[in-house]
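Values reported hereafter were calculated over all heavy atoms of this structure, with side chains retained and with hydrogens, waters and symmetry mates removed.
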Amino acid sequence: WDLFIRIGEITNNIVHIPKLLYSWRIHENSTASNTDAKPYVYEAQKKLLNDHLARLKLQGVVETGIITQHRTINYFVAEDVIFTLVIKYSSLENTKKLIESINKYPAGLKFDIIFVFKDDFDKTEWSEILYLLPNKSIQKIILNPKNNWYKNVAINSNNEYIIFIDDKLEVHSDNWAKRLIADLSLVSIGIVSPVILDHTAQNVASAGIGVGYGQKGLVDMLSGMPFNDPHYTRGLYAKSRRNVSVVNPAMFSTTKTVF
């Protein structure tokens, strides 16, 4: 771990060599058989990640992940940060469900709202939306397919951090916005997307979009995988951060500076 983290701090010029380069013997005192064979490695993992944060002058806390052998870094974001929530409107029914979920699960930060509408939306629904969101700074923008509406929204945002979400989605965890925006504190990251779930089936709908995987074109990564898969490797894979070719446009966070 320590070697590769230090290398990753000084270069992005890293490639995968698709060959078997070494093997690892299994015996009773080997972590290949049981990671508890060397319990001191857990504290060593935590220390090297804290050292990594200190070297890069990043604010965060190292915590135990979903299994004992897993470590995760939760980055800090200032409590006074205000972000812009951009809701792509499709129907009043969907928007009501999304707003109900936002009211149920706190974002963790204060936010303004921009609604993006198609030019044929029912204007009588606007007053109902305003009623659902008292004490919020709200704008509306009419979608123009001929223009880059994402950039138009960014220009109209009063805040640096922006989260885009389709009204067909709902949020289902506390501090959902705070966690998305915190990862943007890394200089090398310009856009962050959450895992999107099918809550009816309890499966992953999308964990980003990748190229290939035996198919042509773009593919939703991990689509169909049970989110709470009891197998620790698959479960860990579904809940870990990763780089992807494209984020799912249904929900993502970015910054005004990116545009």
Side-chain angles (χ1 to χ4, degrees), residues 56-61 73-90 92 94-119 121 125-145 147-196 208 241 244 246-259:
L56 297 188
K57 295 181 172 56
L58 295 173
Q59 298 295 314
V61 59
I73 299 175
N74 289 322
Y75 297 98
F76 295 152
V77 58
E79 297 294 333
D80 59 352
V81 165
I82 301 174
F83 72 94
T84 299
L85 180 65
V86 181
I87 300 176
K88 190 176 179 183
Y89 183 88
S90 67
L92 184 60
N94 286 338
T95 294
K96 283 182 176 179
K97 290 179 180 178
L98 172 58
I99 292 172
E100 286 174 3
S101 72
I102 290 172
N103 290 334
K104 182 177 180 180
Y105 296 98
L109 297 168
K110 295 180 180 179
F111 59 94
D112 304 326
I113 300 178
I114 294 178
F115 277 92
V116 179
F117 296 93
K118 294 181 179 179
D119 57 7
F121 85 101
E125 296 176 354
W126 180 240
S127 58
E128 293 192 56
I129 292 172
L130 294 177
Y131 177 78
L132 292 170
L133 293 163
N135 305 317
K136 282 290 181 188
S137 172
I138 303 176
Q139 301 180 54
K140 64 179 176 180
I141 291 177
I142 305 302
L143 175 63
N144 185 343
N147 297 330
N148 184 337
W149 68 270
Y150 289 105
K151 185 172 183 178
N152 189 26
V153 166
I155 291 172
N156 284 275
S157 171
N158 295 320
N159 308 301
E160 171 65 6
Y161 294 108
I162 307 170
I163 295 180
F164 293 84
I165 185 169
D166 284 1
D167 70 354
K168 299 181 181 68
L169 300 183
E170 300 172 24
V171 297
H172 283 272
S173 63
D174 291 337
N175 295 318
W176 52 272
K178 194 172 186 178
R179 287 190 286 177
L180 281 174
I181 289 172
D183 280 4
L184 290 171
S185 64
L186 301 178
V187 175
S188 60
I189 295 178
I191 188 166
V192 177
S193 179
V195 174
I196 298 174
R241 298 178 180 95
V244 297
V246 184
V247 299
N248 193 308
M251 185 176 184
F252 64 91
S253 63
T254 187
T255 63
K256 189 170 184 175
T257 301
V258 166
F259 289 94

For residues 163-180, which residue pairs qualify under salt bridge (Lys or Arg N to Asp or Glu O under 4.0 Å), counting only residues two or more places apart or in two chains?
Glu79-Lys178
Please list all pairs meeting salt bridge (Lys or Arg N to Asp or Glu O under 4.0 Å) that have one or both residues in residues 109-118, counting only residues at least two apart or in different chains.
none
Quick check: closest heavy atoms across [X] and [Y], and the distance to 0.1 Å?
X: Ile113; Y: Leu133; value: CD1-CD1, 3.6 Å
X: Gln139; Y: Trp126; value: O-CH2, 3.9 Å
X: Val247; Y: Ser193; value: CB-CB, 3.6 Å
X: Ser157; Y: Thr84; value: OG-OG1, 2.7 Å
X: Asn175; Y: Gly108; value: OD1-CA, 3.3 Å
X: Ala177; Y: Ile163; value: CB-CD1, 3.6 Å

Sequence neighbours excluded and cut-off under 3.5 Å, please list the side-chain donor-acceptor pairs for residues 98-106, or say none.
unit_1, atom_1, unit_2, atom_2, d
Ser101, OG, Leu98, O, 2.6
Ser101, OG, Val171, N, 3.1
Asn103, ND2, Ile99, O, 3.3

Contacts of type ring-ring contact (aromatic ring centres under 6.0 Å, His included), residue Tyr161, not counting sequence neighbours:
none
Partners passing ring-ring contact (aromatic ring centres under 6.0 Å, His included) against Phe252 (at least two apart in sequence or in another chain)
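ring-ring contact (aromatic ring centres under 6.0 Å, His included) list for Phe252, sorted by chain: Tyr150, Phe164.
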With rounding to the nearest 0.5 Å, note down the distance linking [atom1] in [X] to [atom2] in [Y].
X: Leu109; Y: Trp176; atom1: CG; atom2: CH2; value: 9.5 Å
X: Leu169; Y: Ile196; atom1: CG; atom2: CD1; value: 5.5 Å
X: Lys140; Y: Ile129; atom1: NZ; atom2: CD1; value: 9.0 Å
X: Ile87; Y: Phe117; atom1: CD1; atom2: CZ; value: 9.0 Å
X: Ile191; Y: Leu180; atom1: CD1; atom2: CG; value: 10.5 Å
X: Asp183; Y: Asn74; atom1: CG; atom2: CG; value: 8.0 Å

Note, [X] side chain near [Y] side chain (heavy atom, < 4.5 Å):
X: Phe83; Y: Leu184; result: no
X: Phe111; Y: Ile181; result: no
X: Phe259; Y: Ile155; result: no

Not counting sequence neighbours, which residues clear side-chain contact (heavy atoms from CB on, under 4.5 Å) with Leu58? List them please.
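Per chain and number, Leu58 pairs via side-chain contact (heavy atoms from CB on, under 4.5 Å) with Leu53, Leu56, Tyr75, Leu186.
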Looking at residues at least two apart in the chain, or sitting in another chain, which of them share a side-chain contact (heavy atoms from CB on, under 4.5 Å) with Glu125?
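Only Tyr89, Leu92, Asp122 meet the side-chain contact (heavy atoms from CB on, under 4.5 Å) criterion with Glu125.
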Qualifying residues under side chain to side chain donor-acceptor pair (under 3.5 Å), relative to Asn94, sequence neighbours excluded
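Expected list: Ser90, Ser91.
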Set of side chain to side chain donor-acceptor pair (under 3.5 Å) partners for Asn158, sequence neighbours left out
none
Filter on side chain to side chain donor-acceptor pair (under 3.5 Å), then keep only pairs touching residues 250-259, sequence neighbours left out; what's left?
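Of all non-adjacent pairs touching residues 250-259, those that pass side chain to side chain donor-acceptor pair (under 3.5 Å) are Glu160-Thr257.
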Got a sec, which residues hit salt bridge (charged side-chain N to carboxylate O under 4.0 Å, His left out) with Lys151, two or more places apart in sequence or on another chain?
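Checked Lys151 against salt bridge (charged side-chain N to carboxylate O under 4.0 Å, His left out); zero matches.
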